[in-house]
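Notes follow the structure.
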Amino acid sequence: MNKYRTHTCGELTVKDKDNNISLSGWINKKRDHGNLLFLDLRDNYGLTQCVIENNHQNFKEFEKLPLETVIKINGKVLERNKETVNKDLKTGEIEISIISYEVLGKTQELPLPVFSDQEYSEEIRLKYRFLDLRRKKIHQNIILRSKVISFIRSEMQKYGFLEFQTPILTSSSPEGARDFLVPSRLNPGKFYALPQAPQQFKQLIMVSGFDKYFQIAPCFRDEDARADRSPGEFYQLDLEMSFVEQEDIFAVVEKLMINMFKKFSNKKIIYEKFPRITYKDSMLKYGTDKPDLRNPLIINEFTEIFKRDDVGFDIFKKLVKNGSVARGIITKNTKDKPRSFFDGIDKWAKEEGASGLAYFTIEEEGSEIKGKGPVGKFFSSDSIKEMMKISNAEIGDSIFLACGDISEVQKITSQARDKIGHELNIINYDCFAFCWIVDYPMFEEDEKTKKIIFSHNPFSMPQGDIKKLDMSKPLEIKAYQYDIVCNGIELSSGAIRNHIPELMYKLFSVAGYDKKMVDEKFSGMINALSYGAPPHGGIAPGIDRIIMLIAGEKNIREVTMFPMNQNAQDLLMNAPSEVDQQQLKELNLSIKKNK
RNA sequence: GGGGGUGUAGCUCAGUUGGUUAGAGCACGUGCCUGUCACGCACGGGGCCGAGGGUUCGAGUCCCUUCACUCCCGCCA
């Protein structure tokens, strides 16, 4: 028999009535009636009410045990009478009459209460993460995470994927995020880098003939944090398949996502066949490549309107003349919304750093269509009709307008979609809206340097006839590159890879890398592709974000056991920390002190 | 690197227009209480009001600097 317990705190029922049992766990809560004391004992599995009376020889001493003390209780299972049953507890029909007990782990005064639904500062939560993790909600989130990961493993195996590990100490790559570097003792002056993703390795696995690979892969990127982005490290479901096209990848991932979200969440999945939206359309209609499709609002292109002679909105007309674009959002039937609603949106836009949002409401006076609102008077009846045609707007709807350079307008209209949708309460938050964003451009122009750079992954396969690709117009080349987005959160990106070395050199040369540089920086990859590489492709959904969505959490720390804070510090383990001079010496490093 | 928010008891927070001894709930301590499940009641201990400087007769409150946490922008192929 186990020394500490015969049962867990979540399993005893009336069936165990009159049995002598023992439980071990934490004192979750005490209710001390002076001559009678109730104690809720908690472990990973649940809560059991234990009771002790003042005729017990240790009653006085027992009363003094602080919350969160770990104790073992020997006792007898009693059926509760009808009036005292607690329906909220699995074990609510019984209680344990305490015969004897033993303190297994004492506690100091708690820096944060475990039994409470209060919110605590991140600093205290992270410093005492082991206490925080005892709390119900986050404890359940972490268990959910474990279950989701197990589910992924078994599904992937069912689909015929093999799980492999890839190196953690690897080489620095010139593209992408900042690397974490690890100095090499045996190779003074040289560094390993932690992988930003196992990108090259998974391609090498395909070249090695393994056909279908997956891994719950740790990824390391030295970039600043966000609510949905852990600093330092995160996990991806990294997968890669040989002899496949884009559609084959989509089929596997859609199946996995739908099975997973259905199994672990009750929220509705709006589109079981994920809609495909081209990057170009997404940027136009939603102003971003991670649209939240729960929101019905759509951005409309109105630039041409401001070239008309019967539109007198001079600020926008002038901007448009100089190459700016004008786009707008229609809100349905908002003619009776108070002025404060419209001005609130405008004010908000200004706070977001935009020059504000102009607006008017479409109204009918007699048979005349008119714009009502601060800028309504600048639009002729015909021009409003044209805008209504473009946007399917009707009488009683309102139009919010932004004008500026294209990236500025995309940004503010995208944010305005969220803001207005939220204010109008037209977003159904109780569902999942997945979509694929497809046809990403291979290259883009760096806004500052005006250089041509890879827009996503340099290893992606360009679309079209490979032999006829026009490298003189690189910005027109699309790639077999795709993202999954759910509820406005980018879950993953992937691509069909370029497995043809000559084509790789060509594409790299467009981005300013000559053959020598490519050979040097990507020697492993290029070399491998030169010895018979299969066509292949893959994707890498972010595990942490998937769990965030399923758990309904807004912050990634709520689904991460031991996260770092925003400054990439681990307050529990005190990392990063200074190291001994001796360690530095062995690594051939010296620290330059900042003044 | 830039912008916003927050910082008051162990924890979560209140603190008015600058005004005398800085409050509440939980936790902790003492006492009472035999059916609670957020048990109840009474009493008590506990404060560098994030730190530093300034304005003022007087600063938790106003100003400046700085630190911490957080959200956002940049960044994240």
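Treat the numbers as computed from the prediction; the structure is a model and nothing was measured. Chain naming here is simple, since letters A, B, ... match the order of the sequence lines and numbering starts at 1 in each.
Contact annotation for A:Ile124: backbone-only contact, meaning every heavy-atom pair under 4.0 Å involves sugar-phosphate atoms and none involves a base. Using a 4.0 Å heavy-atom criterion, one finds that A:Pro113 contacts the sugar-phosphate atoms exclusively. Residue A:Lys554 is classed as having no contact, given no heavy-atom separation below 4.0 Å to the nucleic acid.
To the nearest whole angstrom, the two C1' atoms, one in B:C63 and one in B:G18, are 13 Å apart. When the C1' atom is compared between B:U30 and B:C67, the two are found 40 Å apart, to the nearest whole Å.
The base-pairing partner of B:C39, taking Watson-Crick or G-U wobble contacts with both distances under 3.5 Å, does not exist among the strands shown. Across all strands shown, B:C11 is found opposite B:G25 as a Watson-Crick or G-U wobble partner, with both distances under 3.5 Å. Base pairing of B:G18: no nucleotide in any strand meets the Watson-Crick or G-U wobble criterion (both distances under 3.5 Å).
B:C33 has no stacking from A:His33 on its base ring, since the centres under 5.5 angstrom apart and planes within 30 degrees of parallel are not both found.
In the interface, the side chain of A:Asn81 is not paired with the base of B:G35 through any donor and acceptor atom under 3.5 Å apart.
For the residue pair A:Asn86 / A:Gln49, no side-chain donor-acceptor distance below 3.5 Å is found, with atom types taken as modelled. Side chains of A:Glu520 and A:Tyr513: a donor-acceptor N/O pair is absent below 3.5 angstrom, by distance only.
In this entry the distance linking CD of A:Glu83 with C1' of B:C37 reads 15 Å, nearest Å. Atom CZ of A:Phe115 and atom C1' of B:C28 are 17 Å apart (whole Å).
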Pairs under 3.5 Å (N/O, protein and nucleotides 67-70 of chain B):
{"unit_1": "B:A68", "atom_1": "O2'", "unit_2": "A:Glu123", "atom_2": "OE1", "d": "3.2"}
{"unit_1": "B:A68", "atom_1": "O2'", "unit_2": "A:Glu123", "atom_2": "OE2", "d": "3.3"}
{"unit_1": "B:C69", "atom_1": "OP1", "unit_2": "A:Asn565", "atom_2": "ND2", "d": "2.7"}
{"unit_1": "B:C69", "atom_1": "OP1", "unit_2": "A:Gln569", "atom_2": "OE1", "d": "3.1"}
{"unit_1": "B:C69", "atom_1": "OP2", "unit_2": "A:Asn567", "atom_2": "ND2", "d": "2.5"}
{"unit_1": "B:U70", "atom_1": "OP1", "unit_2": "A:Gln566", "atom_2": "N", "d": "3.3"}
{"unit_1": "B:U70", "atom_1": "OP2", "unit_2": "A:Gln566", "atom_2": "N", "d": "3.1"}
{"unit_1": "B:U70", "atom_1": "O3'", "unit_2": "A:Arg557", "atom_2": "NH2", "d": "3.3"}

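Residues in residues 504-518 of chain A take part in these salt bridge (Lys or Arg N to Asp or Glu O under 4.0 Å) pairs, two or more places apart or across chains: A:Lys515-A:Asp519. For residues 37-56 of chain A, the salt bridge (Lys or Arg N to Asp or Glu O under 4.0 Å) pairs, not counting sequence neighbours, are A:Arg5-A:Asp43, A:Arg31-A:Asp40, A:Arg42-A:Glu68.
Around CE of A:Met573, the count of heavy atoms belonging to other residues, nucleotides or ligands within 6.0 Å does not exceed 12.
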